[in-house]
Amino acid sequence: MLENAKKITVIGGGIWGQTLANLARRNHLTVRVWSRHTGEDLGAIIADTDVIISAVSIKGVVPTIEQLQQLQLNSRIIIVTATKGLEPITTRTPFHLWNQAFPANPLVVLSGPNLAKEINQGLPAATVVASYQQKAAILLQKLLSGESFRVYLNSDPLGTELGGTLKNVMAIASGVCDGLQLGTNAKSALLTRALPEIIRVGTCLGGCQETFFGLSGLGDLLATCNSPLSRNYQVGYQLALGLSLPEVLAKLEGTAEGINTTEVLMRIAQEKNLYVPITCQVDRLLRGEISPQVAVYELMRRDLKAEFD
Ligand SMILES: NC(=O)C1=CN([C@@H]2O[C@H](COP(=O)(O)OP(=O)(O)OC[C@H]3O[C@@H](n4cnc5c(N)ncnc54)[C@H](OP(=O)(O)O)[C@@H]3O)[C@@H](O)[C@H]2O)C=CC1
Ligand SMILES: O=C(CO)COP(=O)(O)O
């Protein structure tokens with residue numbers, strides 16, 4: 001099969017990069033993982049590559065782009081971004097940053113309810129590949145789909161990316177909810193109210209409303225807010241147990257993007273005058289300004305309103 005001849009380079013040797021590499025290897029593709037720590041020559045690795053998958057955390061996106069810019073990337077190479085975060089200086093999403101740096105390359109966003117540890121165990125999962133260049137998304141769909149990994153197409157890369165990014169803030173709130181043992185009613189209320197908050201921000205930043213009801217929006221919200229495997233959920237959960245943020249981070253394996261996303265999102269919300277009550281309480285909690293209990297109290301005591309305002 002033609003797709004099997006494709007060569008893939010995964011940039012980022014964290015758990016998500018390794019997982020995506022494993023998925024491609026299961027389909028007998030030639031896959032190389034490049035990490036800052038291996039000392040390998042990135043230029044040599046990408047010389048004959050067909051696809052670059054960036055699976056670095058948000059703080060790695062700009063350095064990675066700058067490094068690739070020095071290598072004169074061939075414009076036929078498809079770039080896939082799998083990062084879920086907002087760049088702190090520009091407040092832009094990875095899609096914007098990659099698109100600005102490599103406007104001639106096909107660009108695909110990969111995002112969905114994808115807890116890496118479950119995928120590595122071979123448990124069934126689904127994800128979304130979204131692009132304005134449909135041919136590139138279709139190729140990625142073929143390259144990564146398998147018996148236990150189902151890949152859907154979408155033509156809204158921004159909405160797909162923002163769903164995966166914004167739910168990390170809600171996962172922190174959800175961890176608090178479970179850590180404080182607030183019960184099933186509270187959790188249902190939180191997740192249900194989280195979705196319109198995500199949609200308010202996500203549509204303002206250019207995503208399509210429909211996308212947020214799909215796998216990369218509601219799907220990822222449910223996965224991340226309900227699983228102790230989520231690092232963002234763990235941040236909220238451990239804060240609710242009384243640990244300080246530095247104590248939580250000292251114990252955490254890997255990156256919890258929601259911490260940075262909350263801070264960036266608050267700036268965006270202030271600038272664009274967006275109502276983000278859950279994010280606001282998560283932000284105050286992460287800054288150490290309030291306790292988890294006060295965050296809950298503040299959310300409950302807000303002015304009464306109509307459900308669909
Ligand atoms: N884990 C998961 O289940 C999922 C994670 N994601 C997203 O994927 C991204 C990576 O997550 P994950 O692999 O879990 O995170 P990890 O903490 O395991 O790995 C961090 C990754 O970011 C890279 N990185 C960090 N700082 C820099 C830098 N300054 N320059 C270059 N690269 C850097 C690291 O590169 P290096 O290898 O060179 O150290 C490493 O690959 C995040 O945005 C996350 O939200 C998306 C879906 C699922
Ligand atoms: O994005 C994820 C699952 O879809 C991973 O969540 P965490 O980054 O919170 O572990």
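Excluded from the calculations below are hydrogen atoms, water molecules and symmetry mates; all remaining heavy atoms, backbone and side chain alike, are included. As the structure is a prediction and not an experimental result, all values here were calculated from the model. Order of appearance sets the numbers: ligands from 1, and atoms from 1 within every ligand.
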Worksheet item: Going from OH on Y275 to SG on C280, what distance comes out if it is rounded to the nearest 0.5 angstrom?
Response: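 Answer rounded to 0.5 Å: 9.0 Å.
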Item to complete: Calculate, to the nearest 0.5 Å, the distance between atoms CG and CD belonging to L73 and Q67 respectively.
Response: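 Interatomic distance, L73 CG to Q67 CD, rounded to 0.5 Å: 12.0 Å.
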Worksheet item: Quick one: do R267 and E263 make a salt bridge, cutoff under 4.0 Å?
Response: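 Counted as a salt bridge, because a side-chain N and a carboxylate O are separated by less than 4.0 Å.
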Item to complete: State whether D50 and K7 are salt-bridged, where the test is any N-O pair (Lys NZ or Arg NE/NH1/NH2 against Asp/Glu carboxylate O) under 4.0 Å.
Response: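 Between K7 and D50 there is no salt bridge, as every charged N stays at least 4.0 Å from the carboxylate O atoms.
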Fill in: K84 N/O under 3.5 Å from ligand 2 N/O
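There is such a contact, yes.
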Item to complete: Tell me, please, which residues at least two apart from A194 pass side chain to side chain contact (heavy atoms under 4.5 Å, CB included).
Response: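 A194: side chain to side chain contact (heavy atoms under 4.5 Å, CB included) contacts with M170, L221, I278.
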Item to complete: Kindly write out the residues that satisfy ring-ring contact (aromatic ring centres under 6.0 Å, His included) with F213, not counting sequence neighbours, or none if the list is empty.
Response: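 Testing F213 for ring-ring contact (aromatic ring centres under 6.0 Å, His included), a comparison that skips the adjacent residues, returns none.
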Please state which protein non-hydrogen atom is closest to [atom] and give its distance, to 0.1 Å?
| atom | answer |
| --- | --- |
| atom 4 (O) of ligand 2 | D220 OD1, 2.7 Å |
| atom 2 (C) of ligand 2 | K167 NZ, 3.4 Å |
| atom 7 (P) of ligand 2 | R231 NE, 3.4 Å |

Discussion item. Are the side chains of D156 and T211 in contact, using a 4.5 Å heavy-atom criterion?
Written reply: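 Touching, per the 4.5 Å side-chain cut-off.
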Worksheet entry | Test item: V176 and L180 side chains (from C-beta on) under 4.5 Å apart, heavy atoms |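 Yes, at least one pair of side-chain atoms sits under 4.5 Å.
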Worksheet item: For ligand 2, which atoms, with element, lie under 4.0 Å from some heavy atom of N232?
Response: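 This gives 7 (P), 8 (O), 9 (O) as the contact atoms.
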Worksheet item: Can you list the atoms of ligand 2 that are under 4.0 Å from a heavy atom of N114?
Response: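 Those qualifying, in numeric order: 3 (C), 4 (O).
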Fill in: Residue-ligand contact G112/ligand 2, heavy atom below 4.0 Å
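G112: in contact with ligand 2 (<4.0 Å).
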Worksheet item: Which other residues end up in the same hydrophobic cluster as Y297, if Ile, Leu, Val, Met, Phe, Trp and Tyr are linked when side-chain heavy atoms come under 4.5 Å apart?
Response: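 Same cluster as Y297: nobody, lone residue.
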Anything under 3.5 Å between an N or O on ligand 1 and a protein N or O? List each pair with its distance, or write none.
unit_1	atom_1	unit_2	atom_2	d
ligand 1	1 (N)	R231	NH2	3.2
ligand 1	3 (O)	N114	O	3.2
ligand 1	3 (O)	A116	N	2.9
ligand 1	13 (O)	I15	N	3.2
ligand 1	13 (O)	W16	N	2.9
ligand 1	14 (O)	R231	NH1	3.1
ligand 1	14 (O)	R231	NH2	2.9
ligand 1	17 (O)	T255	N	3.1
ligand 1	17 (O)	T255	OG1	2.6
ligand 1	18 (O)	I15	N	3.2
ligand 1	22 (O)	S57	N	2.8
ligand 1	22 (O)	S57	OG	3.2
ligand 1	37 (O)	G13	N	2.7
ligand 1	37 (O)	S35	OG	3.2
ligand 1	38 (O)	S35	OG	3.2
ligand 1	38 (O)	R36	N	2.8
ligand 1	38 (O)	R36	NE	3.0
ligand 1	39 (O)	R36	NH2	2.7
ligand 1	39 (O)	H37	NE2	2.9
ligand 1	41 (O)	G13	N	3.1
ligand 1	41 (O)	G14	N	2.9
ligand 1	43 (O)	K84	N	3.0
ligand 1	43 (O)	E257	OE2	2.6

